[in-house]
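Chain identifiers are assigned alphabetically (A, B, ...) following the order of the sequence lines, protein sequences preceding nucleic acid strands; residue numbering begins at 1 within each chain. Any value given below was found using the heavy atoms of this structure, including those in side chains, with hydrogens, waters and symmetry copies removed.
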Amino acid sequence: MMVLETSKANAILTVLQGCNNLTRLKKIQAHVIVNGLQNHPAISNSILNFCAVSISGSLPYAQHLFKHILNPQTQAWNSIIRGFAQSPSPVQAIFYYNRMLFDSVSGPDTFTFSFTLKACERIKALKKCVEVHGSIIRTGYERDVVVCTGLVRCYGGNGCVEIARMVFDNMPERDLVAWNAMISCYSQAGYHQEALRIYDCMRNENVGVDGFTLVGLLSSCSHVGALNMGVKLHRIACEKGLLRNVFVGNALIDMYAKCGNLDGALEVFNGMPRDVFTWNSMIVGFGVHGFGDEAIYFFNQMLEAGVRPNSIAFLGLLCGCSHQGLVEEGVEFFHQMSSKFNVKPGIKHYGCMVDMYGRAGKLEKALEIIGDSPWQDDPVLWRILLSSSKIHKNVVIGEIAMRNLSQLGAVNAGDCVLLATIYAGANDEQGVARMRKLIKKQGIKTTPGWSWIEVSDQVHRFVVDDQSHPDSGMIYQKLEEVTRKATMAGYVEDKSQFIFHGSCSEECLESSSTYHSEKLAIAFGLAKTPEGTSLRIVKNLRVCRDCHEFTKFVSRAFNRDIIVRDRLRFHHFKGGLCSCRDYWVMVIQKLAQQQNRMHVGKGKMEGTADNNNLSAAVIPAVEAKDPASGPSYYCNESTGKNQWEMPYDTPLVTHSISFTSVRRLGGGYGRIYWFKHRSPIPTAAILISKGCFAKECRELIVSLLPVQQYRMFPVHGGVSFCNVIETIKEVTGTFCKEACCICDQLMDSLIPPRHLAFLQQTNLLRWFN
DNA sequence: CAGTGGTATG
């Protein structure tokens, strides 16, 4: 009999392995039940795992299955956590993780942690990550490579690059994935030099290189304009046969385009399979170089290839049109966006339009665009208009733009400079004086300017009047020589007041800035590279007029090609001329001071970061309500509030708990857990707070507690769950899971109706909001 | 029985 069952079970397991859709699965399931194997651990796990994890599975169904598992084992928990971690609502993974820690006899293992960390990373739950980290250490899994890699990613993704690095450094061994995680962490956080630097360490450890490594490194190369490094990576990609990897190819295209080498980009493009990213990289690449025609060409090719353009394709397209002055085409594309391609224009698209009209001198039209856009309350568009007004010396529109900026409380020094320049152009001394006063009053707040230059695989960064470079002395000496030669070639230093010369670089505003960062970078580059090679410099701001002139003459005097990528576009200096044909004077700040970062995903970020805080967690309990399985909590979708579905006085059986929560106590969040020892009357309680309970709150809580034994417990990230468990042991004298099962600590606003009424009567509700 | 990673726009 046993043998027969085993062979049946094995047969079913084999069929399950090949299962690829839900309908089929349900048939197999029926078969399983017929054979009485529904409690076979391997089979039920396999079914659950398929439903939770597979693309052709079904998470709700997995949840349903999970609910009916009596004592889910670690693997079952893992399946459901993993399923949610990769789902559109990773927050539920954390919900299950918490329940696992509290409700389950099964403890977490390395898999649990790696799935949970993935969820933390995706929803940016830093505090939860810290806490999981605590649990990892406590359970002794901190030596596991995969778990640590998850931690590195999670910390990195939450902006804690240094912490990520610490975890990384403490790992007993690091595999390729771990290195890749560290590289992409640096790269995505904008620590490009570090990303490239760590690659050197990596090479010493013989872990090899794969597509992931290359993508991370290439992304950093494009940000800092490290073409030489990029070319080396290109070679490695060739050797490893990775050129047909779309990710690598796309990263290469982007790198070549951002480093100003469009031929290189084209070459890669021609030899690889393509996806949307590929096309976008080309369109954007040509667009930011001001090659509108080419951008349009690639756009049309993309359509022919049957790829649907998305908002980024249009951004590149409009940017190209705007720079090349293709107003009609740009307008046409802008309209087609929504009418033909069903892509909703975003603020950046509107920005391009304002810029396009503004640049073409159609300022009224630009004003109209802003009026028609949903972003009138955003300073960005007004700032673009202000810049356009400057190009065309239009005082009236300039003042309109400024008025709007000031109404939005968004005026900054750069704006004042722009308007002052317009006034100066109109010989309005008073206007200029007004702006000067305004700048003074506001205090000049500028983005510090810096320039990057790559010299023999090393990226060097300079700021204004930088003295921090080890070769500082040499650099300044060289700069003197360079300036002398440039002057002999005809360069005249333009130290006159920024306001009268249309410079729009913020760097010019920096106090008595004698040596802008790019001059230092140029001097350094000239000193450190062989004659005849070209210099590539990347700036975070626009090139100022003086530096632009300077670079022109340097390129002639030293017979060097100098390619400067500034915030907005490329300048190819050669023989005393610049590819932008001094267009830069007109190329305005446009997107330079875009602040839409603030708008994108604002609520989301703030909301989740706070909500996932451990004891404060407001993670919605979205467990589907299943009438068959008795009272439950659920999240009311329409109000977003968690609902209490259990009558307050329901006598509870084992595995249930009476629970109430108090929010915002003493400046933190609080929570009370009541425990039952197989009896409907709570025998002990634990009060948990993020900080300390306010005295009056404490009194209230204690008066509400139907128990004699209680304990106040401050919670700190990283140890909280363990603290709670320890405390349960202490308070109850034993650690009996059935007796003291904490249910759903996450339901913050879970206040039973009767309790709520009481709170309203006593005006105590304010503590809950 | 299982697990970790990637590109374009700013």
Exercise. NA contact type, A/N245, heavy-atom cut-off 4.0 Å: base, sugar-phosphate, or nothing?
Worked result: base
For this session: Name the nucleic acid region contacted by A/D109, choosing base, sugar-phosphate or nothing; use a 4.0 angstrom heavy-atom cut-off, strictly under.
Result: base
For this session: Would you state whether a donor and an acceptor, one from the side chain of A/D175 and one from the base of B/dG5, lie under 3.5 Å apart?
Result: no
Exercise. Below 6.0 angstrom between ring centroids: does that apply to A/W279 and A/F269?
Worked result: yes
Exercise. Does any residue of residues 206-219 of chain A have a heavy atom under 4.0 Å from DNA chain B, and if so, which ones, in number order?
Worked result: A/D210, A/G211, A/F212, A/V215, A/S219
Problem set entry | Touch class at under 4.0 angstrom, heavy-atom based, for A/T278 against every strand present | nothing
Exercise. What is the distance from CD1 of A/I43 to P of B/dC1, rounded to the nearest Å?
Worked result: 16 Å
Problem set entry | Under-4.0 Å side-chain N/O to phosphate OP1/OP2 contact, A/K258 with B/dA8 | no
Exercise. When we call it a touch if two heavy atoms are under 4.0 Å apart, what does A/Q188 touch: a base, just sugar-phosphate, or nothing?
Worked result: sugar-phosphate
Exercise. Rounded to whole angstroms, how far apart are CG on A/D275 and P on B/dT9?
Worked result: 14 Å
Exercise. Is the aromatic ring centre of A/F277 closer than 5.5 Å to the centre of the six-membered base ring of B/dT7, with the two planes inclined by less than 30°?
Worked result: yes
For this session: Rounded to the nearest angstrom, tell me the gap between atom NE2 in A/H323 and atom P in B/dT9.
Result: 14 Å
Exercise. Rounded to whole angstrom units, what separation is found between the CG atom of A/L151 and the C1' atom of B/dG3?
Worked result: 14 Å
Exercise. side-chain hydrogen bond (donor to acceptor under 3.5 Å, both in side chains) with A/N78: which of A/T116, A/D109, A/N49?
Worked result: A/D109
For this session: Would you mind classifying the nucleic acid contact of A/V177 as base, sugar-phosphate or nothing, using non-hydrogen atoms under 4.0 angstrom?
Result: base
Exercise. Hey, does A/N310 have a side-chain heavy atom less than 4.5 Å from the side chain of A/N280?
Worked result: yes
Problem set entry | Whole-Å distance separating the CH2 atom of A/W279 from the C1' atom of B/dA8 | 14 Å
Exercise. How is A/V248 classified with respect to the nucleic acid when contacts are heavy atoms under 4.0 Å: base, sugar-phosphate, or nothing?
Worked result: base
Exercise. Looking for any heavy atom pair under 4.0 Å, which part of the strands does A/D254 touch: base, sugar-phosphate only, or nothing?
Worked result: sugar-phosphate
For this session: Would you mind telling me which of B/dT9, B/dG3, B/dG5 lies closest to the side-chain atoms of A/I312?
Result: B/dT9
Exercise. Between A/R165 (side chain) and A/M182 (backbone), is there a donor-acceptor pair under 3.5 Å?
Worked result: no
Exercise. Taking only side-chain nitrogens and oxygens of A/R82, does any of them come within less than 4.0 Å of OP1 or OP2 of B/dG3?
Worked result: yes
Problem set entry | Nearest-Å distance for atom pair CD1/P, residues A/I136 and B/dG3 | 18 Å
Exercise. Taking atom P of B/dA2 as reference, at what distance in whole Å does atom CZ of A/F115 sit?
Worked result: 11 Å
Seminar exercise, completed: Taking B/dT4, B/dG6, B/dA8 as options, the one with an atom nearest any side-chain atom of A/N310 is B/dA8
Exercise. Using a cut-off of 4.0 Å on non-hydrogen atoms, how would the nucleic acid contact of A/V53 be classed: base, sugar-phosphate, or nothing?
Worked result: nothing
Exercise. Can a salt bridge be assigned to the pair A/D200 and A/R197 using a cut-off of 4.0 Å between side-chain N and carboxylate O?
Worked result: no
Seminar exercise, completed: Rounded to whole Å, NE2 of A/H223 lies from C1' of B/dG10 at a distance of 9 Å
